[in-house]
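Since the structure comes first, as structure tokens, the remarks are kept for the end.
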Amino acid sequence: MSTSPVETVPSAGDTVPGPRPADLHAPVIDWFGENARDLPWRRPEAGAWGVMVSEFMLQQTPVSRVLPIYEEWMRRWPTPGDLAAESTGEAVRAWGRLGYPRRALRLHAAAAAIAERYEGQVPADHHLLLALPGVGEYTAAAVASFAYGQRHAVLDTNVRRVFARAAGGSQYPPNATTAAERRLARAMLPEEPATAARWAAATMELGALVCTARKPDCSACPIADQCAWRRAGTPAHDGPERRGQTYAGTDRQVRGKLLAVLRESVDPVSRATLDQVWNKPEQRNRALRGLLTDGLVERLPDGTYRLPGA
DNA sequence: GAAACGTGGTA
DNA sequence: TTACCAAGTTT
């Protein structure tokens, strides 16, 4: 069959032809060179462990809130072995108010696995990374790409939004990552691994700084002229409702309150003290039970509670 | 595939 | 003030 010299990316409705990958690489990568933030995990001294720690912390959490916690963690636990030698409770405590504290547990477990199985070196192989606790499709690709310069489609919420707009002509991507998005992301990848890694970081940064969810600044966008969404007149999102996340009154909120008490206290805490954080006994008990099951809280023989000591 | 899982900033 | 959003993973 005949292959056209310049491949085009299929776009959603196809009333608007998508941009050609090769036409986007240079503008986006050049823009990144001028506008990339100087983040600590992007510096060479961060190493693969620094990249991994940052990726765990950045899951569903803004950069501004991660920065101070990241610095403290890297100072305290500069290698996977250092973290693995620490108690899980200290990891949860040092996680502070980042949210989703099970990430601290999983990062600790990942560090232990790395120390035991890989002589303390963060693996470079995508499949080995994926097998670590708390490492999913995105994080495995991010570590392999950012820490080791490999060629992977790195599909985070920023990249998905950039592609949805630039190539798909839609304001927002689908709720869950689709096979079509993965295919598109792979098709967009530059051939050279180092360039592909740069592209991954650049598209992510573009989504974070310019092609944002609420107020995209198209005047600052290096590919505005080629953007399918712009060409279509920036139509409003039409697909299924983007389901919002409620929080007030949920078990999650109760778990957060319970854990906050235990984080602040050096000494074990009585059940009576914990009972004060929420006035619905049933929900309160369920939340505490869940924390115990998850390994985020430990009950001592005397009936008091604390963050896990071992 | 849907639901659970924290927390705080911004419009 | 309510609602959305933030470098996702697991069950």
Side-chain angles (χ1 to χ4, degrees), chain A residues 32 36-37 39-42 46 50-70 92 95-107 109-110 129-147 152-163 171-179 181 185 197 200-209 211-216 237 240-263 277 283 286-287 289-291 293-296:
Chain A
F32 185 60
R37 289 167 292 180
L39 300 171
W41 44 85
R42 285 181 179 161
V51 171
M52 174 167 277
V53 169
S54 75
E55 292 303 340
F56 268 77
M57 292 182 171
L58 288 163
Q59 290 168 6
Q60 299 283 281
T61 308
V63 167
S64 60
R65 289 179 41 213
V66 165
L67 283 170
I69 306 292
Y70 171 84
V92 172
W95 197 255
R97 308 182 66 78
L98 273 189
Y100 293 142
R102 289 191 292 195
R103 290 182 293 166
L105 244 31
R106 292 176 181 146
L107 182 49
L129 287 165
L130 204 49
L132 294 171
V135 177
E137 178 183 356
Y138 161 76
T139 302
V143 172
S145 181
F146 302 153
H152 290 281
V154 182
L155 267 184
D156 81 321
T157 189
N158 291 305
V159 176
R160 294 182 61 219
R161 187 175 53 249
V162 169
F163 286 174
Q171 186 179 20
Y172 298 117
N175 283 328
T177 305
T178 63
E181 285 183 276
T203 48
M204 202 176 300
E205 191 78 335
L206 186 63
L209 299 183
C211 193
T212 59
R214 298 271 184 81
K215 283 174 114 54
H237 184 71
E241 204 68 12
R242 319 202 308 132
R243 79 168 207 282
Q245 32 187 353
T246 55
Y247 180 64
T250 61
D251 286 5
R252 276 154 79 183
Q253 185 182 22
V254 183
R255 287 166 58 105
K257 284 179 173 295
L258 289 170
L259 210 54
V261 170
L262 295 166
R263 261 197 322 260
V277 309
Q283 189 177 25
R286 187 171 62 238
R289 205 156 48 236
L291 289 171
T293 299
D294 290 346
L296 284 163

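This is a predicted model, so every value here is computed, not measured. Quick note: numbers below take in every heavy atom, side chains included, and nothing from hydrogens, waters or symmetry partners.
At a cut-off of 3.5 angstrom, the base of dG6(B) holds at least one donor-acceptor pair with the side chain of Thr61(A). Judged by distance alone, with hydrogens and angles left aside, Arg65(A) brings a side-chain donor or acceptor within reach of the base of dT7(B), the pair sitting under 3.5 Å. No hydrogens or angles were tested; on distance alone, nothing pairs the side chain of Arg255(A) with the base of dC5(B) as donor and acceptor under 3.5 Å.
Nearest-nucleotide positions on DNA chain B for Leu98(A) and Lys215(A) put Leu98(A) closer to the 5' end. Annotation: of the two residues near DNA chain B, Gly256(A) and Ala176(A), the 5′-most nearest-nucleotide partner is Ala176(A). Checking Gly134(A) against Ala213(A), the closest nucleotide of DNA chain C that is more toward the 5' end is the one next to Ala213(A). Judged by closest nucleotide on DNA chain C, Pro62(A) is the one of Pro62(A) and Thr139(A) placed further toward the 5' end.
Across all strands, Val135(A) comes closer than 4.0 Å only to sugar-phosphate atoms, never to a base (heavy-atom distances). Note on Arg106(A): only backbone sugar-phosphate atoms sit closer than 4.0 angstrom, heavy atoms only; bases stay farther off. Using a 4.0 Å heavy-atom cutoff across all strands shown, Gly99(A) reaches at least one base atom of the nucleic acid. Residue contacts for Glu137(A): at a heavy-atom cut-off of 4.0 Å it reaches the sugar-phosphate backbone alone, with no base atom in range. If you check every strand for non-hydrogen atoms under 4.0 Å, Arg286(A) touches nothing. Within the 4.0 angstrom heavy-atom criterion, no nucleotide atom of any strand lies near Arg160(A). Among the atoms of the strands shown, only primed sugar atoms or phosphate atoms (P, OP1, OP2) are found under 4.0 Å from some heavy atom of Tyr172(A). Residue-level contact check: Leu259(A) touches neither bases nor backbone, having no heavy atom under 4.0 Å from any strand. When heavy atoms are screened at a 4.0 angstrom cut-off, Leu296(A) is found touching no nucleic acid atom at all.
Spacing between atom CG of Asp251(A) and atom C1' of dG6(B) amounts to 13 Å, rounded to whole angstrom units. Note: CG (Leu107(A)) to P (dG8(C)) measures 16 Å, nearest angstrom. Rounded to an integer number of Å, the gap from CZ of Phe56(A) to P of dT9(C) is 8 Å.
The shortest side-chain heavy-atom distance between Val53(A) and Tyr70(A) falls under the 4.5 Å cut-off. The side-chain heavy atoms of Arg106(A) and Gln59(A), taken from C-beta on, include no pair separated by under 4.5 Å.
Closest contact between the side chain of Thr157(A) and the listed nucleotides dT10(B), dA6(C), dT7(B) involves dA6(C). Closest to the side chain of Asn158(A), from the set dC5(B), dA11(B), dA7(C), is dA7(C).
Residues Glu55(A) and Tyr138(A) bring a donor and an acceptor atom of their side chains to less than 3.5 Å of each other.
The phosphate of dG8(C) has OP1 or OP2 within less than 4.0 Å of a side-chain N or O from Gln60(A). Residue Arg103(A) places no side-chain N or O under 4.0 Å from the OP1 or OP2 atom of dA4(B). Between Tyr247(A) and dT7(B) there is a side-chain N or O to OP1 or OP2 distance below 4.0 Å.
The gap from the P atom of dT2(C) to that of dC5(B) amounts to 23 Å, rounded to the nearest Å. Using atom C1' as the reference point in both dA11(B) and dA7(C), the two lie 23 Å apart (nearest Å). With P as the reference atom, dG6(B) and dT1(C) are 25 Å apart, rounded to whole Å.
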(request) Please assess Phe146(A) against His152(A) for the test side chain to side chain contact (heavy atoms under 4.5 Å, CB included), listing each intermediate value before the final yes or no. (result) CA-CA 10 Å; Phe146(A) 302 153; His152(A) 290 281; over 6 Å; no

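The shortest heavy-atom contact between Asp294(A) and Leu105(A) is O-CD2, 3.3 Å.
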